[in-house]
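Positions are given from 1 along the sequence.
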Amino acid sequence: MEKRKFDVAVLGGGPGGYPAAIRAAQLGKSVALVEVKEMGGTCLNRGCIPSKALIAGAEVVDRIHQADAFGIQVKDVTVDYDRLAAHKDRVVERMRTGLEGLIAANKITVFKGFGEFTGPHEIKIKGKEPAIITADKIIIATGSEPRNIPAFPFDYEKIHDSTSLLAMTTLPKKMIIVGGGVIGCEFASLYATLGTDVTILELLPRIISTEAQEVAQALTKAFSKRGIKVETNVKVEKIERQGEGITAYVEGGKTFTADICLVAVGRSLNTKGIGLEKAGVFVQDNGMISVNEKMETNVDGLYAVGDIASKWWLAHVASHQGIVAAENACGKSARMFYNAVPSVIFTHPEIGTVGLSLEDALKKGYKAKVSAFPFQALGKAQAALHPEGFAQVVMDERTGQILGAQVVGYEASTLIAEMALAITNELTVECVAETIHAHPTLAEAWLEASLLAEGLPVHLPPPKAAKARSAGK
């Protein structure tokens with residue numbers, strides 16, 4: 001069996017692992033990258049990218065349905081889902097090919113196989129080309145997989161996880177989604193736009209429960225308008241296949257039937273079976289690896305990034321953690337800060353959040369307030385027929401410092417970047433109010449919300465200005 005020595009080894013080629021490998025190579029180190037599946041991990045192959053390719057198609061469908069309002073006549077619109085799915089596959093293949101080329105260009109040695117620690121600085125690779133590699137510094141980036149619940153195990157035909165659902169090539173007429181978190185809501189929005197009858201069954205009192213209350217309320221309202229049924233405070237006891245479909249049984253005796261079911265109730269961390277105990281790495285009961293702000297584990301020279309080492313299960317957080325870990329592994333000094341992590345939900349309407357909600361800010365002891373501006377008062381939103389939504393800024397009343405921001409509406413995924421930059425650099429609402437924003441644009445919502453926070457609204461009449469705090473609710 002081949003045995004090779006590297007300066008840095010990275011276990012896992014997902015959004016946390018491959019940026020770490022690239023940064024270490026950029027810093028002049030010899031780097032090994034171990035990946036058992038496709039390069040790019042879940043995000044590129046079974047998550048972020050394929051789902052967004054499908055959502056992009058759904059957005060086209062939604063726009064076509066609005067065509068008549070612009071005076072444009074479109075007849076006989078049909079969705080060939082098999083072709084839409086093929087588009088998704090082409091996008092993934094193109095991105096993966098580009099990534100593999102990028103890794104090769106950085107002269108990173110790739111090992112295809114399953115990597116398992118045999119000691120703190122040694123990894124045994126099982127696969128077609130078995131090998132043993134050693135490295136002074138090792139970055140663990142093994143990610144997570146959809147959680148399988150014993151009460152309703154996946155059969156990948158009628159009861160799906162997010163991975164198997166993305167592999168489908170036909171549209172169901174009716175579907176149930178167990179779990180109203182980010183994944184559940186994104187798929188609900190996607191399939192409803194394409195014509196599927198969708199019902200969400202959520203255990204908690206509201207969907208996207210980790211987001212600000214007004215954000216969750218806005219999405220629930222939007223879902224209702226689109227015909228998506230949202231059942232909250234519902235405990236699903238079991239799901240059974242019956243005939244050509246499935247039946248979900250909930251506590252209290254009520255049942256729901258559909259063609260298929262998506263179970264989206266969390267993910268399982270890939271920390272078992274990779275020999276962490278042989279490496280001496282401390283793993284918590286929930287499967288998470290404990291790390292410090294440098295992404296260091298309890299073992300000298302070992303780092304962990306991504307889902308297995310953070311409460312932020314976001315690809316862009318994993319990538320940033322990977323870069324921080326790599327820089328520390330290469331002798332530089334870098335730290336993670338989580339006060340300005342942007343989060344996006346690609347529903348219709350989109351949602352973008354960063355920093356603290358008003359509730360969280362108050363809990364942390366800030367004398368905080370929120371200032372909101374409705375999209376319906378924006379010229380660009382009206383012209384584009386996207387008046388639904390709002391942008392709001394959470395600030396410290398004493399200093400004006402921006403603590404958080406939330407936006408619900410068209411292009412929220414892009415709009416939230418301005419507030420992430422503002423929070424990272426500890427800017428105030430005055431800074432935003434004094435920044436010239438192009439007109440007509442949706443980004444003016446931040447300008448208007450900041451002006452409103454200072455009591456000087458330009459595009460809200462005084463009577464409405466006093467009520468703007470509740471805009472969009």
Side-chain angles (χ1 to χ4, degrees), residues 55-56 58-74 189 193 212 214-215 217-219 221-223 225-226 342 344-354 369-395 400 402 404-423 427-473:
I55 288 170
E59 289 174 350
V60 174
V61 173
D62 192 68
R63 270 324 239 177
I64 292 173
H65 288 158
Q66 287 185 301
D68 187 63
F70 287 100
I72 302 169
Q73 301 299 316
V74 181
S189 186
T193 301
E214 55 267 46
V215 171
Q217 290 173 343
L219 184 61
K221 183 178 179 181
F223 274 5
K225 287 182 179 179
R226 288 177 166 265
V344 176
I345 306 176
F346 291 89
T347 46
H348 190 105
E350 286 186 351
I351 294 169
T353 64
V354 64
K369 69 175 183 178
V370 65
S371 178
F373 191 82
F375 273 30
Q376 63 187 8
L378 293 171
K380 178 61 181 288
Q382 290 288 353
L385 293 182
H386 284 301
E388 181 182 30
F390 63 94
Q392 66 180 30
V393 180
V394 180
M395 76 212 76
I402 299 171
Q406 298 83 38
V407 54
V408 177
Y410 185 63
E411 290 294 341
S413 56
T414 301
L415 290 172
I416 200 61
E418 179 176 341
M419 288 297 106
L421 182 65
I423 295 171
L427 301 185
T428 65
V429 288
E430 183 182 11
C431 296
V432 177
E434 291 180 347
T435 300
I436 298 174
H437 287 66
H439 173 78
T441 63
L442 297 175
E444 288 178 282
W446 298 126
L447 169 65
E448 297 286 353
S450 298
L451 289 169
L452 181 60
E454 296 185 318
L456 300 169
V458 174
H459 290 98
L460 281 182
K464 291 186 179 180
K467 300 177 181 179
R469 192 172 297 180
S470 61
K473 296 181 183 178

Peer 1: Roughly how far apart are E418 CD and I402 CD1, rounded to 0.5 Å?
Peer 2: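 E418 atom CD to I402 atom CD1 measures 8.0 Å (nearest 0.5 Å).
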
Peer 1: Is there side-chain contact between L427 and V432, with at least one heavy-atom pair below 4.5 Å?
Peer 2: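 No; the side chains remain at least 4.5 Å from each other.
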
Peer 1: Apply side chain to side chain contact (heavy atoms under 4.5 Å, CB included) to residues V408 and L219 and explain how you reach the verdict.
Peer 2: CA-CA 8 Å; V408 177; L219 184 61; 6.0 Å; no

Peer 1: Provide the closest heavy-atom pair for A383 versus F70 in the form atom of the first, atom of the second, distance.
Peer 2: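 Of all heavy-atom pairs spanning A383 and F70, the closest is O-CE2, 3.6 Å.
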
Peer 1: Please assess H65 against T193 for the test side chain to side chain contact (heavy atoms under 4.5 Å, CB included), listing each intermediate value before the final yes or no.
Peer 2: CA-CA 10 Å; H65 288 158; T193 301; 5.8 Å; no

Peer 1: So F373 and H459, do their side chains get closer than 4.5 Å, heavy atoms only?
Peer 2: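 Touching, per the 4.5 Å side-chain cut-off.
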
Peer 1: Any sub-3.5 Å donor-acceptor pair from K369's side-chain atoms to A453's backbone N or O?
Peer 2: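 Answer holds: yes.
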
Peer 1: Using 30° and 60° as the class limits, which term best fits the ring planes of Y410 and H386: parallel, tilted or perpendicular?
Peer 2: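 If you compare the ring of Y410 with that of H386, the planes turn out parallel.
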
Peer 1: Please find the pair of heavy atoms, one from S413 and one from E350, that lie closest to each other, and give the distance.
Peer 2: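 So the two residues come closest at OG-OE1, 2.8 Å.
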
Peer 1: With a 4.5 Å cut-off on side-chain heavy atoms, are L442 and L378 touching?
Peer 2: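 Answer yes - side chains close enough.
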
Peer 1: So, do D62 and R226 sit near enough that their side-chain heavy atoms are less than 4.5 Å apart?
Peer 2: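 Yes, at least one pair of side-chain atoms sits under 4.5 Å.
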
Peer 1: Does either side chain, that of Q392 or that of E214, offer a donor lying less than 3.5 Å from an acceptor on the other one?
Peer 2: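 Yes - a donor-acceptor pair under 3.5 Å links their side chains.
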
Peer 1: Locate the shortest heavy-atom distance separating L460 from A377; write the atom from each residue and the value.
Peer 2: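 Closest heavy-atom pair between L460 and A377: CD2-CB, 4.4 Å.
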
Peer 1: Minimum heavy-atom separation for A443 to H437, with atom names?
Peer 2: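 Looking at all heavy atoms of both residues, the closest pair is O-CD2, 3.4 Å.
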
Peer 1: To the nearest 0.5 Å, what is the distance between CD (E59) and CD1 (I64)?
Peer 2: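 With rounding to 0.5 Å, CD (E59) is 12.5 Å from CD1 (I64).
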
Peer 1: From I351 CD1 over to I416 CD1, what is the distance, rounded to the nearest 0.5 angstrom?
Peer 2: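 One gets 11.0 Å once the value is rounded to the nearest 0.5 Å.
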
Peer 1: Taking E444 for its side chain and T441 for its backbone only, find out whether a donor-acceptor pair lies under 3.5 Å.
Peer 2: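 Answer holds: yes.
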
Peer 1: Could you give the distance from NE2 (H348) to CZ (F223), rounded to the nearest 0.5 Å?
Peer 2: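 These two atoms lie 10.5 Å from each other.
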
Peer 1: Is a side-chain N or O of E448 found less than 3.5 angstrom from the main chain of P457, in a donor-acceptor match?
Peer 2: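 Here the side-chain-to-backbone pair does not exist.
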
Peer 1: Taking Q406 for its side chain and A212 for its backbone only, find out whether a donor-acceptor pair lies under 3.5 Å.
Peer 2: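 No, because the side chain of Q406 does not come within donor-acceptor range (under 3.5 Å) of the backbone of A212.
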
